[in-house]
Novice: 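Please find one structure pasted underneath; my questions will follow.
Naming: A, B, ... by sequence-line order, numbering from 1 per chain.
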There are 2 protein chains.
Amino acid sequence: MVRAGLSPERLTLAGAELADEAGFDQVTLSALARRFDVKVASLYSHLKNSQELKTRIALLALEELADQVAHAVAGRAGKDALMAFANAYRDYARAHPGRYEAARFRLDPQTAAASAGVRHAQMTRAILRGYNLTEPDQTHAVRMLGSVFHGYASLEAAGGFSHTDVASQESWVWTLDSLDAALRNRAAP
Amino acid sequence: MVRAGLSPERLTLAGAELADEAGFDQVTLSALARRFDVKVASLYSHLKNSQELKTRIALLALEELADQVAHAVAGRAGKDALMAFANAYRDYARAHPGRYEAARFRLDPQTAAASAGVRHAQMTRAILRGYNLTEPDQTHAVRMLGSVFHGYASLEAAGGFSHTDVASQESWVWTLDSLDAALRNRAAP
DNA sequence: TCGATTTGCCTACAGGATTTAGGTAGACGC
DNA sequence: GCGTCTACCTAAATCCTGTAGGCAAATCGA
């Protein structure tokens, strides 16, 4: 019997790849076992259950996404930072649709609090510094930006923007321009 | 043997209720059969498969949502119409989380083209008439509004806005005010 | 009203996913 | 080299989907 060399990390990574290829809801322990040419029950030595697998993939995706965004906004400010953030976000969602879906997986509060989701919120607040907003406007803005970024990525992934001739890229830039203008309008005097 | 009086319509409605109670992914033919105290196989006389059930629930949700929005915007224009549209949308998502999830279910192109999703797009364009946008700005605006509405509803449903003291309602109004200002800024001269 | 047909719900079964219990053999410490 | 640990195994229960074929209630035509 040759050992397959499984580990929670390898399983999580393979699960993330599977998600990108086939969709997050196709990520099952059965499919993963098939991919490693191993019996399903063997995976339970490494993962408590399929819920844990999904949670781990979600955490991986949140980390990766936060890393990409952090790298993109480094050294930028104002509208420049906003665009970099938004583009990094959308690019990740397009390059890794399954992982992006996973990043929206409902985590229990403690797990969420310990996840890279926290960094997302911090980075969003960071780029808003360039807009000079006071509370509670800053919180409102965090929510608005999060809604637009997620909503756009989500609708685009669902194919919602492929019906007309207007390129999605143009709508994206237009939307970000509008957001920038709206935020500048909100700046504290 | 007493007949249960099933029909595609009754099953769809019960499925929608089940979705609101337990989540769209908990909508299974098994659960539905249990609810009607009937064997699972019996449902296949009324529905081709579970995919058809989900599709029908999605179509129902799209219809309901379009009806609510249509009712809300009737007789309104400009910012007034925008707010009515947005509030009807968010209210539906909050009142019927499972149905709202269903409304985002991926439909095949023909089904989507024949669904109430078309009315949604039309109504969005209708409220934008008050902002005097020319193409392709109008298309960009449709996409931006769709992103914000869906993104906000989605993040709110996921509990993303319950961490701080700032009320979600206030952020919502703030966001809509910002959108209104942004759109007015885009008006053709 | 009675017979024929349709149809609504049934049993039986096969396939696949999740999860648990318990066994065996390779890896590793002493 | 021996004992222990652990990675992977078989077996089995439970649940969901989907198909095939059967029986009886509803319905329709004469």
Side-chain angles (χ1 to χ4, degrees), chain A residues 1-60 98-99 101-102 104-108 111, chain B residues 1-60 98-99 101-102 104-108 111:
Chain A
M1 197 200 325
V2 187
R3 299 203 172 189
L6 304 179
S7 70
E9 289 72 26
R10 280 195 69 192
L11 289 171
T12 303
L13 199 56
E17 285 162 13
L18 181 58
D20 285 337
E21 291 163 20
F24 187 56
D25 51 347
Q26 296 302 308
V27 175
T28 68
L29 292 182
S30 297
L32 216 51
R34 245 173 272 130
R35 184 169 279 227
F36 283 101
D37 200 26
V38 142
K39 298 297 169 184
V40 188
S42 306
L43 304 185
Y44 285 84
S45 307
H46 305 280
L47 301 165
K48 209 167 97 272
N49 50 32
S50 74
Q51 167 83 15
E52 181 179 344
L53 172 64
K54 287 174 186 165
T55 300
R56 280 178 176 272
I57 297 174
L59 294 175
L60 171 70
R99 283 163 153 98
E101 238 184 297
R104 309 256 50 104
F105 183 66
R106 185 85 171 243
L107 301 172
D108 62 282
T111 310
Chain B
M1 196 197 326
V2 187
R3 299 201 173 189
L6 305 179
S7 71
E9 290 71 26
R10 281 195 69 192
L11 289 170
T12 303
L13 199 56
E17 284 161 14
L18 181 58
D20 284 338
E21 291 163 20
F24 187 55
D25 52 347
Q26 296 302 308
V27 175
T28 67
L29 292 181
S30 296
L32 216 50
R34 245 173 273 130
R35 184 167 279 227
F36 283 100
D37 201 26
V38 141
K39 298 297 170 184
V40 188
S42 308
L43 304 186
Y44 285 87
S45 309
H46 305 281
L47 301 166
K48 209 168 96 273
N49 49 32
S50 72
Q51 167 83 13
E52 182 179 345
L53 172 64
K54 288 176 186 165
T55 300
R56 279 177 176 273
I57 297 173
L59 293 175
L60 172 70
R99 281 164 154 98
E101 238 183 297
R104 309 256 50 104
F105 183 65
R106 184 85 170 244
L107 300 173
D108 62 282
T111 310

Novice: dC15(D) phosphate, OP1 or OP2: any side-chain N/O from Thr28(B) under 4.0 angstrom?
Specialist: no
Novice: Expressed in angstrom and rounded to an integer, what is the separation of Leu6(A) atom CG from dC9(D) atom C1'?
Specialist: 13 Å
Novice: Nearest-Å distance, CZ (Phe36(A)) to P (dA7(D))?
Specialist: 14 Å
Novice: Side chain of Tyr44(A): nearest nucleotide among dT20(C), dT11(C), dC9(D)?
Specialist: dT20(C)
Novice: Determine yes or no for a side-chain-to-main-chain donor-acceptor pair under 3.5 angstrom, with Arg56(A) supplying the side chain and Pro8(A) the backbone.
Specialist: no
Novice: Of the nucleotides dA11(D), dT19(D), dA17(C), which one has an atom closest to the side chain of Ala41(A)?
Specialist: dA11(D)
Novice: Could you tell me the separation between the CG atom of Leu47(B) and the C1' atom of dC16(D), rounded to a whole number of Å?
Specialist: 15 Å
Novice: Could you give the distance from CG (Asp20(A)) to CD (Glu101(A)), rounded to the nearest 0.5 Å?
Specialist: 9.5 Å
Novice: Among all residues two or more places apart in sequence or in another chain, which pass the ring pair (Phe, Tyr, Trp, His ring centres under 6.0 Å) test with Phe105(A)?
Specialist: Phe24(A)
Novice: Counting only heavy atoms from other residues, nucleotides and ligands, does the tally under 6.0 Å from CG of Asp108(A) exceed 12?
Specialist: yes
Novice: Counting only heavy atoms and a strict 4.0 angstrom limit, can you tell me which residues of residues 50-60 of chain B come near DNA chain D?
Specialist: Ser50(B)
Novice: Sub-3.5 Å donor-acceptor pair from the side chain of Arg99(B) to the main-chain atoms of Ala19(B), do we have one?
Specialist: no
Novice: How many whole angstroms separate atom CG of Asp25(B) from atom P of dT17(D)?
Specialist: 12 Å
Novice: dA17(C) C1' sits how many Å from Lys39(A) NZ, rounded?
Specialist: 14 Å
Novice: Could you say whether Lys48(A) or Arg34(A) is positioned toward the 5' end of DNA chain C, judged by the nucleotide with the nearest heavy atom to each?
Specialist: Arg34(A)
Novice: Taking only side-chain N and O atoms of Ser42(B), does any of them lie within less than 4.0 angstrom of OP1 or OP2 on dC10(C)?
Specialist: yes
Novice: Just how far, in rounded Å, is P of dA7(D) from CG of Leu43(A)?
Specialist: 13 Å
Novice: Could you tell me whether Arg35(A) and Glu21(A) have a side-chain N and a carboxylate O separated by less than 4.0 Å?
Specialist: yes
Novice: Gln26(A) CD to dA17(C) P: how many Å, rounded?
Specialist: 10 Å
Novice: Starting at NE2 of His46(B) and ending at P of dG8(C), how long is that distance when rounded to a whole Å?
Specialist: 6 Å
Novice: Search all heavy atoms of Leu53(B) against all heavy atoms of Leu32(B) and return the closest pair with its distance.
Specialist: CD2-CD2, 3.7 Å
